[in-house]
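Each ligand, and each atom within it, is numbered from 1 in the order the structure gives. These numbers were taken from a predicted model, which means no experiment stands behind them.
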Amino acid sequence: MPKVKIFGESIPNMPWEDKPADCTEVTWRHSKNPIIKRNPTQKCSRVFNSALVPYGDEFIGVFRADHRDGIPQIHVGYSKNGLDWDIENEEVRWVDENGKPYQPEYAYDPRVVKMQGEEDYYIMWCTGFGGPTIGMGKTKDFKTFTRLENAFIPFNRNGVLFPRKINGNYVLLSRPSDTGHTPFGDIFLSESPDMVYWGKHRRVMSKGGGWWQGTKIGAGPIPIETSEGWLMIYHGVCNTCNGFVYSTGAALLDLDKPSKVLYRCKDFILTPEEPYETTGFVDNVVFPCAALCDADTGRIAMYCGAADTYVSVAYAQMDELVDYIKSNSELLHGDGFEFR
Ligand code: BMA
């Protein structure tokens, strides 16, 4: 049993490999990465920045797939082991709450969560709405998909819902941005009683500190609830002569007031190193959008987009990761600054 209690489900069939004996890092990569390669279906030329949930005793994924015209849409995929995926060639077809077709102009970087106490799985993505912002939808069966109101007006990205209501409200992390390859950005939090009206905005965490996260940061997988706080895995970006570099970081947020940062690891926990991360459509990108965590063993499998071209998996152990975050923590001015 892990020392850190995980308030989540048992996922005995999740992907896992033990840490290699010579590994000195807090995370390690799946030995057969990338698990999704180029051209996985006729229509999809590149699949990356994607998410999944356990579904029965298998897994269902929502994939960001860039089509041959370069425009991204969300595709559903199925897997028995979380590693070998059967991705549908046709994109998700959304309808509004009256059943009328309501297809996003483009859709990228989806996250998916089973909301505690509800039958619905919520999907969030970056949607075209006269500029990028947070699209929101739900499904019970991954066959019919209903769009909800967009959470925000443009420009915003990286919308990530917590897996349960907190103090009676839905809680959404997001990263206000601009219309292009945004050169700034902090993680904010907003609350809603009904998934329609969002308010009580708070700034959770600001960019800065270590240079790897000096340009912008954005939430990644659905936060994982533990006895030490919400584990928030996120991406941090630095700017270089050759463009942005996307690494992965981790922090712990207060369980009742998640706008309050308890610990924030000053160092990245994953950064582009392997060829599939350093070379692709966009070089030097590791972009986590989902994490499976087995409550019984503390095993974590992070699903990352790699170089805007592939999907890869990296592993961590909850106890070790929490220790690492706490013993390398450095809060910045602005972290939880506006929490009340
Ligand atoms: C961001 C998003 C991500 C992408 C990243 C690196 O702005 O568009 O989808 O992975 O840039 O290109």
Side-chain angles (χ1 to χ4, degrees), residues 33-38 40 44-52 61-67 69-75 91 104-112 123-129 131-135 152 154-160 173-188 207 212-221 233-249 268 270-291 302-314:
N33 271 347
I35 60 162
I36 300 175
K37 303 187 177 61
R38 286 180 190 267
C44 306
S45 67
R46 287 172 291 109
V47 164
F48 54 105
N49 300 5
S50 299
L52 81 167
V62 289
F63 293 93
R64 168 187 176 154
D66 287 14
H67 291 179
D69 58 7
I71 301 176
Q73 287 287 347
I74 297 170
H75 289 236
E91 63 265 38
E105 179 193 338
Y106 55 79
Y108 60 81
D109 301 357
R111 275 69 163 189
V112 56
I123 300 171
M124 304 125 264
W125 68 95
C126 178
T127 203
F129 184 48
T133 192
I134 312 299
F152 303 119
F155 305 102
N156 206 315
R157 291 184 176 93
N158 297 302
V160 177
L173 298 168
S174 75
R175 213 280 306 289
S177 53
D178 70 9
T179 181
H181 301 295
T182 314
F184 61 87
D186 295 345
I187 298 174
F188 286 75
K207 67 187 163 69
W212 66 272
Q213 53 182 339
T215 299
K216 54 180 170 176
I217 56 174
I233 296 169
Y234 66 99
H235 66 258
V237 181
C238 81
N239 202 0
T240 73
C241 304
N242 290 327
F244 290 151
V245 176
Y246 281 70
S247 304
T248 301
F268 55 71
L270 200 65
T271 197
E273 288 173 3
E274 294 294 327
Y276 55 85
E277 298 164 336
T278 58
T279 309
F281 186 72
V282 179
D283 297 349
N284 296 313
V285 181
V286 175
F287 197 99
C289 286
M302 291 183 279
Y303 285 73
C304 302
D308 286 12
T309 306
Y310 313 103
V311 176
S312 67
V313 172

Any N or O of Lys216 closer than 3.5 Å to N or O of ligand 1: no
Would you say ligand 1 has an N or O under 3.5 Å from any N or O of Tyr246? yes
Phe129: which residues meet the ring pair (Phe, Tyr, Trp, His ring centres under 6.0 Å) condition with it, sequence neighbours left out? none
In terms of residue, atom name and distance, what is the protein heavy atom nearest to atom 12 (O) of ligand 1? Asp308 OD2, 2.7 Å
Between Tyr108 and Tyr106, what is the ring plane arrangement, given parallel below 30°, perpendicular above 60°, and tilted in between? parallel
Report, as yes or no, whether the 6.0 Å neighbourhood of atom CZ on Phe281 holds more than 12 heavy atoms from other residues, nucleotides or ligands. no
Under 3.5 Å, side chain of Asn156 to main-chain N/O of Arg175, donor-acceptor pair present? yes
Could you tell me which atoms of ligand 1, counted from 1 in the order shown, lie closer than 4.0 angstrom to a heavy atom of Asp109? 2 (C), 3 (C), 9 (O)
Given Phe281, Tyr108, Phe287, identify the one with the heavy atom nearest to atom 8 (O) of ligand 1. Tyr108
Can you list everything that forms a salt bridge (Lys or Arg N to Asp or Glu O under 4.0 Å) with Glu273? Sequence neighbours excluded, please. Arg29
Near Asn49 (heavy-atom distance under 4.0 Å), the atoms of ligand 1 are 3 (C), 4 (C), 9 (O), 10 (O)
Within the structure, does Arg64 bring an N/O atom to less than 3.5 angstrom of an N/O atom in ligand 1? yes
Aromatic ring pairing Tyr246/Phe287, orientation class (parallel under 30°, perpendicular over 60°, tilted between): tilted
